[in-house]
Amino acid sequence: MPVPLSGSDYLELLPVRWQAITERGIRLHHRTYNCDLLGPYRGQDCEVAARGGKWEIHTNPHDVRQIWVRLPRHGLTEIPWIHRDHCHQPFNDRTWQRLKTITTHDADQDTYEARLADALDQLMRRARRIRHPHRAAPPRPHHTHPHSPTTAPRARRTATGRQDYLG
């Protein structure tokens, strides 16, 4: 009998990679993921010896604003991207890689990541304006006479199906 998957089941099915937890958090593709829960694990080796001390990280390729790391006594725990507040919509790694090709990398890693986050924010704002342009409604006359040339005649269908023009 088929059983529906739970949210934690879906997390387990996400792609996995193995990364170190450093003093700054977890870095993937010039993105830093960090939160207070990582505190006790910074610079520590994972208990999985076969992975060289690196930690199990689950990533959603369609929304890279957060990752999930398997922590002892916590299980898979969501860790946000440090610039997630700049981006209120999901974005994928392909978008991020494109931004890396057009953003100058002449500074330290933190500055470069902040520039990428700003470029992403600008891109998302442009995309939102294109998808939802604000069209100004045409101005309405304040007072029109029923026979004024600015008022189009209104029509209705009669019970017999012919059009009857009103006013």
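From a predicted model like this one, the values you see are computed outputs, not experimental measurements.
Scanning both residues, W96 and H30, for their nearest heavy atoms gives CZ2-O, 3.4 Å. The shortest non-hydrogen separation linking K54 to A20 is CG-N, 4.1 Å. The shortest non-hydrogen separation linking R17 to T59 is CD-CG2, 4.4 Å. When every heavy atom of D36 is checked against every heavy atom of P40, the shortest pair comes out as O-CD, 4.3 Å. Nearest heavy atom pair, residue I79 against residue C35, reads CD1-SG, 3.4 Å. Contact between P61 and N92 at its shortest, heavy atoms only, is O-CB, 3.2 Å.
In this structure, H29 places its NE2 atom where more than 12 heavy-atom neighbours from other residues, nucleotides or ligands lie under 6.0 Å away. Around CD of E47, the count of heavy atoms belonging to other residues, nucleotides or ligands within 6.0 Å does not exceed 12. Counted within 6.0 Å of CZ on R94, heavy atoms from surrounding residues, nucleotides or ligands total 12 or fewer; the atom is thus considered open.
A donor-acceptor pair under 3.5 Å links the side-chain atoms of T77 to the main chain of G75, judged by distance alone. A donor-acceptor contact shorter than 3.5 Å links the side chain of E113 to the backbone of T32. Side-chain atoms of H86 never come within 3.5 Å of backbone atoms of D121 as a donor-acceptor pair (strictly under, hydrogens ignored). Checking side-chain atoms of D118 against main-chain N and O of R115 turns up no donor-acceptor pair under 3.5 Å.
Looking only at side-chain heavy atoms (C-beta outward), M124 and T95 stay at 4.5 Å or farther from each other. Side-chain contact between V64 and L28: absent, with no pair of heavy atoms (C-beta onward) separated by less than 4.5 Å. Side-chain atoms of Y112 and K100, non-hydrogen and from C-beta on, do get closer than 4.5 Å to each other. Residues V69 and L38 meet the side-chain proximity criterion, which asks for heavy atoms closer than 4.5 Å. Using a 4.5 Å heavy-atom cutoff, the side chains of R70 and H58 are in contact. Considering only heavy atoms from C-beta on, R51 stays 4.5 Å or farther from C46 through its side chain.
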Q. When you look at V16 and E56, which way does the side chain to side chain contact (heavy atoms under 4.5 Å, CB included) test go after all the steps?
A. CA-CA 7 Å; V16 176; E56 180 182 349; 3.8 Å; yes

(Q) Assess the residue pair D93 and R31 against the criterion (side chain to side chain contact (heavy atoms under 4.5 Å, CB included)); give the C-alpha distance rounded to whole Å, side-chain angles, the decisive distance to 0.1 Å, and a yes or no. (A) CA-CA 10 Å; D93 202 45; R31 288 185 308 271; 2.9 Å; yes

Q. Under the side chain to side chain contact (heavy atoms under 4.5 Å, CB included) criterion, do L99 and Q122 qualify, and how do the steps go?
A. CA-CA 11 Å; L99 289 171; Q122 291 174 28; over 6 Å; no

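Cluster membership for L71 and I67, using ILVMFWY side-chain heavy atoms within less than 4.5 angstrom, is shared. Y33 and L76 are members of different hydrophobic clusters when ILVMFWY side chains are connected at heavy-atom separations under 4.5 Å. At a threshold of 4.5 Å between side-chain heavy atoms, the hydrophobic network of Ile, Leu, Val, Met, Phe, Trp and Tyr places F91 and I102 in one connected group. Residue L123 is grouped with residue W81 when hydrophobic side chains (ILVMFWY) are merged at heavy-atom distances under 4.5 angstrom, including chains of intermediate members.
Relative ring orientation between Y41 and W55 is described as perpendicular, the plane-to-plane angle rising above 60° on a 0-90° scale split at 30° and 60°.
Counted by atom type alone, R98 and T101 present one or more donor-acceptor pairs between their side chains at under 3.5 Å. Side-chain contact annotation: Q109 with R24, donor-acceptor N/O pair under 3.5 Å absent.
Rounding to the nearest 0.5 Å gives a distance of 12.5 Å between CD1 of I26 and CD1 of I82. Note: Q89 CD to R65 CZ = 8.5 Å, rounded to the nearest 0.5 Å.
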